[in-house]
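This one's a predicted model, so the numbers in the text were calculated from it and none came from an experiment. Numbering of ligands and ligand atoms starts at 1, following listing order.
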Amino acid sequence: MAKQKNIQSVLHEERKFAPPAAFARKANLKSKDLDALYARAANDYVGFWSDLAREEIVWQRPFTRELDDTEAPNFRWFTDGFLNVSYNCLDVHLAERGDKTAIIFEGEPGDTRRISYRELHGQVCQFANVLKQQGVNKGDRVVIYMPLIPEAVIAMQACARIGAVHSVVFGGFSAHSLADRINDAGARLLITADGGWRGGHSVELKAAADKALEAGCPTIERVIVYRRTGRPCVMRSGRDSWWHELAAGQRIQCEPEWVDAEHPLYLLYTSGSTGKPKGIQHASAGYLLQTKLTSRWVFDLKDDDVFWCTADVGWVTGHSYVAYGPLAAGTTLLMYEGAPTYPDGGRFWKICQEHGVTILYTAPTAIRALMRLGDEVPKKYDLSRLRLLGSVGEPINPEAWMWYHRVIGAGRCPIVDTWWQTETGAIMMTPVPGVTATKPGSCTRPLPGIFADIVDDEGRSVNKVGAGGYLVIKRPWPSMLRTIWGDNERYLNTYWEKFHNRFYVAGDSAHRDADGYYWIMGRIDDVLNVAGHRLGTMEIESALVAHVHVAEAAVVGRQHEIKGESVFAYVVLNKARPQGAAADALADELRRWVADQLSPIARPDDIHFTDNLPKTRSGKIMRRLLRALARGEAITQDVSTLENPAILEQLRGAKHSPSAAPAKKATPKAKVKAARKPPRKTAVKKRPAKPARRGESKRR
Ligand code: WTA
């Protein structure tokens, strides 16, 4: 049955779009170039990457060792080479394009700034000197908790310049989440802002940072605060300093710290299938190489392009395609601080028009939200400078793809649907815009040097058209994660154990069509993708049970028209189940609670109070059953093993959802039997003696 659905969905999507001839003629990569790259990589992938690393990176000391696999799957690349990432993003451009605009910034209130490469270089150097003066040394961790403003990029680049390891925490994360990440990384310094503008409101970042530090972040010695909103905020003397005051006294030159190729560039925390976020650790040279190359290959960057990647620097997309790749490629990039619909749904298109954006890279959630406002909104703006569109972070449904193509791209712009992950560092599978014919909803094929495959439970390639399996990468690549910070065991277990260290397991399922195109089907672990943001179900469950009235919780995903997926929580209380208005009030309280404990992104749309969770006689939560119930699907699985069958009726009953409109029935998500994990043993349960508080468990 599931297979049948897969095949049907493939047959259903038969539309195919050849690259527009005008685009293809001028493309950086032509068909013959791409063929040559594939041939070279197939022949000798280590030599392929090493040659590119020699050509693309300015080395202070060239490397002689290419791939080191002695401790595989902890792979290392170009190990005896020395370089500096910030030097490769800034200094290398000064002679030829020092006056070229590096960043065009637009704040949500409408303020704009243009920063040339020379100015950016000066500001990065100046802030690098600030960091040094504050006692930050090579290898120290620095947490950055900022709005999407140029100073976030300056802070990241300044860390890279002195060999400090940054860990950016998305400004939408709560104080609790921030504290968890600071403590896991053992950061010495925190860089934040008084606030940032989002949706017409100021997001009070400094206040949240203070709350995090009060909760206990013993490693933080100093806090640097950038003044963005000008709203009053409390500065603690001896600990907090203003960015502008510290910078004023510093020189705009700073000799880069030359680091070895494997020196960690950054940590970025991402959700996994357990409650604790993973600190994904990236190395310097390999990451720089692939973000630079993919910026050029996939986005076809030319000297006069204005490239807008809408991602926040709190996510990997904002690292690879805002802070590093486009700068390494010498591009003009656009940064916009605020919400896509502020003050109205035309904001994105107005920005494209006013700044002459030529390449737009955004997420399906944004596309769907803007599509819903109707074609008239973008039609009011001149989008004729656009020549290439990109999508990232979640599967794009064909309807949204077609709208993007037709209304935003006027049928003229290729769409690159790019598949990759925090862990992969750079784009892995994507159309190459001047070469690959695209199909709505498919990320098409792996780039040269990337050896992806789809395998079954035994690790055998699945070659049958439309049959799904685990998406794996069979050979190491330079921008791959190196480990999970402080937990290499977890690195091995999460990504390698399943197939005995032979392949990297992405955690997604996929199938291939007759053209060999890949179609991503979704996560196979307990990870949700809400509006392109990865959330672990366990993290949300832990947050829920930390509430005084919650005894047990199980979280599943439900399809959502705009966000792709939304959070659906089944909650067992440690008191009588409330009814009517009391239930609504408690559901609202729990939503606020989750937003506060984790992030507003994690807020459950639906909360269903129940006396019990459906369990097998051996005590396993029947998650597939909960998922089917949440999605309003027919229950096809055997419920005879259910310990408490009476609970089914209660679970079907009314839920508490703020959006009265039920989610539109989306295209059936194909499921693969082979790629399905057994249900997790338990839901998150409150420990009777000492309630599990988020964060506390981590601090031990
Ligand atoms: C999903 C974001 C379908 C996928 C760069 C992956 C996608 C997870 C696509 C990584 C795409 C990303 N089509 N699904 N083009 N891109 N995903 O770490 O499930 O935030 O595993 O990195 O997003 O999310 P992450």
Give the atom numbers and elements of ligand 1 that come within less than 4.0 Å of a heavy atom of [X].
X      : value
Thr317 : 5 (C)
Val316 : 5 (C), 22 (O)
Ile520 : 3 (C), 14 (N)
Val392 : 5 (C)
Asn529 : 1 (C), 23 (O)

[atom] [closest protein heavy-atom partner, distance rounded to 0.1 Å]:
atom                    : result
atom 18 (O) of ligand 1 : Thr422 OG1, 2.6 Å
atom 19 (O) of ligand 1 : Asp508 OD1, 2.8 Å
atom 1 (C) of ligand 1  : Gly393 O, 3.3 Å
atom 24 (O) of ligand 1 : Arg534 CD, 3.1 Å
atom 3 (C) of ligand 1  : Pro395 N, 3.2 Å
atom 13 (N) of ligand 1 : Glu394 O, 3.4 Å

Proximity to ligand 1 by part of Arg523, non-hydrogen separation under 4.0 Å
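It is the side chain that touches ligand 1; the backbone stays farther off.
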Is ligand 1 less than 4.0 angstrom away from at least one heavy atom of Trp315?
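No; Trp315 lies far enough from ligand 1 that no heavy-atom distance drops under 4.0 Å.
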Donor-acceptor pair between [X] and [Y] side chains, under 3.5 angstrom:
X      : Y      : result
Thr294 : Tyr321 : yes
Tyr491 : Trp496 : yes
Thr418 : Tyr361 : yes
Tyr324 : Ser295 : no

Would [X] and [Y] pass as an ion pair if we require N to O under 4.0 Å?
X      : Y      : value
Asp513 : Lys439 : yes
Lys278 : Asp184 : no
Arg523 : Glu394 : no

Could you pull out all residues at least two apart from Trp403 that satisfy ring-ring contact (aromatic ring centres under 6.0 Å, His included)?
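By the ring-ring contact (aromatic ring centres under 6.0 Å, His included) rule, Trp403 matches no residue at all.
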Would you say the ring centers of Phe499 and Tyr470 fall short of 6.0 Å from each other?
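Between Tyr470 and Phe499, which both carry aromatic rings, the centre distance is below 6.0 Å.
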